[in-house]
Amino acid sequence: MKVVHTIKDLQAELTVLKAQGKTVGLVPTMGALHAGHASLVKRSVDENDVTVVSVFVNPTQFNDKNDLEKYPRTVEADCRLLEECGATFAFVPSVEEMYPQPDTRQFSYAPLDTVMEGAFRPGHFNGVCQIVSKLFDVVKPDRAYFGEKDFQQLAIIREMVRQMKYGLEIVGCPIVRESDGLALSSRNKRLSAEERENALNISRTLFKSVDFAATHTVAETQRMVEEAIAEAPGLRLEYFEIVDGNTLQKIANWEDAPYVVGCITVFCGEVRLIDNIKYKS
């Protein structure tokens, strides 16, 4: 595996490989890699001749400077993991490399980006679209891989690809969880032992809600989840929404959509954790 720091060097490498007819997979990451990222990389390695993994903490998608500063950065360990997974290139640019000038582009994919994360993190998805579109333009991949844990992000990126007519396939990959059910997240590194134990109540509640939903209404299921999180130690619910998995809009009845997902964001201490669960798919 080669570690590349500049767009010019990466494109030079890819030009040669693409001229040989090789297919390219892209896995955009912000580093602090874990088994969830590894699953995306391995999938790309299986499905493409060349796999590029970007490791870049993108400042434009943070609406909280404190969160940006505290985001874990583990580049050496990340590169070791990527080599083990069979990646071809680790693309590790500087902020100056990706943003030689401020990116003033505005992306709007309402109503996908105005609900849930969009409502609580103004500008977040605009920053996501800025960096992901830059990476698509640099790499020009055949396929790009994203985790379903960031469910809303995945829906918005699919819409961006459709509207901007990128000629690539977006591959959504299932949530990877610890053996005890906790969704893998780079932010988990910031949890104390006690906070990590408390965080287990997020996935436990979601799993229970699937069985509960089989015999209860959407409103009752919503209330059950909200009350369970409120009663759990050390957790503070930001939102829980039961939505149409395609439009991300709230539903009132289970029959309102063929694909239904519950999306949740919870503060565990100071650490903001997201998760989701499928009720119908």
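If you read the sequence from its start, that first residue is 1, and numbering goes on from there. Not measured: the values here are computed from a predicted model.
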Tell me, yes or no, whether the heavy-atom count around Lys2 atom NZ, taken from other residues, nucleotides or ligands under 6.0 Å, exceeds 12.
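It does not: Lys2 NZ has 12 such atoms or fewer within range.
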Within a reach of under 6.0 Å around NZ of Lys42, are more than 12 heavy atoms found that belong to other residues, nucleotides or ligands?
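Atom NZ in Lys42 is not crowded, with 12 or fewer foreign heavy atoms closer than 6.0 Å.
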Is there a donor-acceptor pair under 3.5 Å between the side chain of [X] and the backbone N or O of [Y]?
X	Y	result
Ser186	Ala32	yes
Ser44	Leu40	no
Glu97	Ile7	yes
Arg105	Gln130	yes
Asp64	Arg121	no
Arg143	Glu47	yes
Lys189	Pro72	no
His5	Pro93	no
Gln222	Phe240	yes

In this structure, which one of Thr88, Asp142, Thr23 forms a side-chain contact (heavy atoms from CB on, under 4.5 Å) with Val50?
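Per the side-chain contact (heavy atoms from CB on, under 4.5 Å) rule, the option paired with Val50 is Thr88, out of Thr88, Asp142, Thr23.
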Charged N-O contact under 4.0 Å between [X] and [Y]:
X	Y	value
Arg272	Glu117	yes
Arg162	Glu159	yes
Asp256	Lys280	no

Under a 3.5 Å cutoff, is there a donor and acceptor pairing between the side chains of Thr51 and Asn48?
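Absent: no donor and acceptor within the cut-off.
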Once you measure the plane-to-plane angle for Tyr99 and Phe56, does it fall in the parallel (<30°), tilted (30-60°) or perpendicular (>60°) bin?
tilted
